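Worksheet: the structure to be examined is printed underneath.
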Amino acid sequence: MIPYGRQSISEEDIAAVEAVLRSEWITQGPAIGAFERGLAAYCGLQGGGGVAVANATAALHIAMLALGVAPGDVVWTSPNTFIASANCALYCGAEVDFVDTDPDTYNLCARKLAEKLEQASAAGRLPKVVIPVHFAGQSCDMRAIAALAQQYGFRVVEDASHAVGAEYDGGKVGDCRFSDIAIFSFHPVKILTTAEGGMLMARDPALYRRLQLLRSHGMTREAGELEKHDEGGWYYEQIDLGYNYRITDLQAALGLSQLGRLDLFLERRRALAARYDTLLAELPVIRPRQAAYGVSAFHLYPIQVDPARRRAVFDSLRSQGIGVNVHYIPVYTQPYYRKLGFRAGLCPNAEQYYAGAISLPMFYGMTEAEQDEVVAAVRKALA
Ligand SMILES: *Cc1c(COP(=O)(O)O)cnc(C)c1O
């Protein structure tokens, strides 16, 4: 089976993890800070910093908390995403709602967002936070979303789980030029892996510090944050209600080692995407369109086929040994969300895209021979 995604682990990665195992610290050691500083510098983040955590779901949770999301608030996100992008609002007792996607990029649509904001403003029910998701590795139109955030006074958290290394408007996703926080996932199917892991990027120093506290029980030993001084070397204070969402030094060492190959990973994914574009050009499929404002990281290569034939094409590909997948079932159609009152029809563009969607294999180690096999299987499945 050719999987839809697969991690790439080098001998250097293994040596980096082994070195941590042989060192004094296996949890909160020097690799975590080095990984955070390395990725923040890679993204071009000015000020603030990166906060590495146990996974991107934990990152989304503390992003909501750091921005003050609480019962009575509303958070909006894209329906075309993994459920975690929406669940983070529910963790905080807030409500969640969905903004329909753009039919070309499958990303949260800035024009639909503007329309929905106008209605919400009239109803006195504006969102506190909007979470654009950079689907498949392609950035949302962040300049337009940031302008709306200014106008309507909401905060922006980019779910960039798919988009480490992606470019937008001359900068890298994660530089937070158009958002308060950006989040990456390092799950093995994503672009860069730490096994489980995630990172938040925040430019504002106070927000950055709040995220650090929320990651680890709200505990501090920083002199400037303590109420009592001269209590002794053991002393700490809890000044916020935080969690244990820490990453380990083992994972951070893996991430740091992988970061050294990130440009190689991206180059390969982009080359494979360009090759798919050429090889699929004559077939009756819709290839993923690319907006002119940026460069995708190509976490996924999603195509659309005739919705009436999607199931048959998917089954045929699986039976031919091609590990295709589908991204994403619109979040609000999940049984849990239907119980909250959501109904099919809420986001027609996302539903239409989902009905024909198939994600083809896309990963760093994929060979051209494997890609040819995938394309031949697609051709056969469509015939
Ligand atoms: C993978 C993913 C997440 C969750 O990431 P974890 O690190 O597995 O918690 C959140 N949002 C999106 C869009 C994802 O693809």
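Atoms within each ligand, like the ligands themselves, are counted from 1 in listed order. Worth knowing before you read on, the calculation uses all heavy atoms, side chains too, and leaves out hydrogens, waters and symmetry mates. Small disclaimer: the values here were computed from a predicted structure and weren't measured. FYI, the numbering just counts along the sequence from 1.
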Arg125 bridged to Glu95 by N-O distance under 4.0 Å: yes
Carboxylate-amine/guanidinium contact Arg311 Asp315, below 4.0 Å: yes
Which residues share a ring-ring contact (aromatic ring centres under 6.0 Å, His included) with Tyr332, sequence neighbours left out: Phe98
Near ligand 1, at a heavy-atom separation below 4.0 Å: residues by chain and residue number: Asn55, Ala56, Thr57, Thr81, Phe82, Ala84, Ser85, Val133, Asp159, Ser161, His162, Ser185, Lys190, Gly197, Tyr328
Parallel, tilted or perpendicular, as decided by the 30° and 60° cut-offs, for the rings of Tyr168 and Phe178: perpendicular
Only distances under 3.5 Å count here; give the side-chain donor-acceptor pairs of residues 51-62 to other protein atoms, sequence neighbours excluded, each with its distance to 0.1 Å.
{"unit_1": "Asn55", "atom_1": "OD1", "unit_2": "Thr57", "atom_2": "N", "d": "3.1"}
{"unit_1": "Asn55", "atom_1": "OD1", "unit_2": "Ala58", "atom_2": "N", "d": "2.7"}
{"unit_1": "His61", "atom_1": "ND1", "unit_2": "Tyr245", "atom_2": "OH", "d": "2.8"}

Show the atom names and distances, to 0.1 Å, of all donor-acceptor pairs under 3.5 Å that link a side chain in residues 85-93 to residues at least two apart or in another chain.
{"unit_1": "Ser85", "atom_1": "OG", "unit_2": "Thr81", "atom_2": "OG1", "d": "2.6"}
{"unit_1": "Ser85", "atom_1": "OG", "unit_2": "Phe82", "atom_2": "O", "d": "3.3"}
{"unit_1": "Ser85", "atom_1": "OG", "unit_2": "Asp159", "atom_2": "OD2", "d": "2.8"}
{"unit_1": "Asn87", "atom_1": "OD1", "unit_2": "Tyr337", "atom_2": "OH", "d": "2.7"}

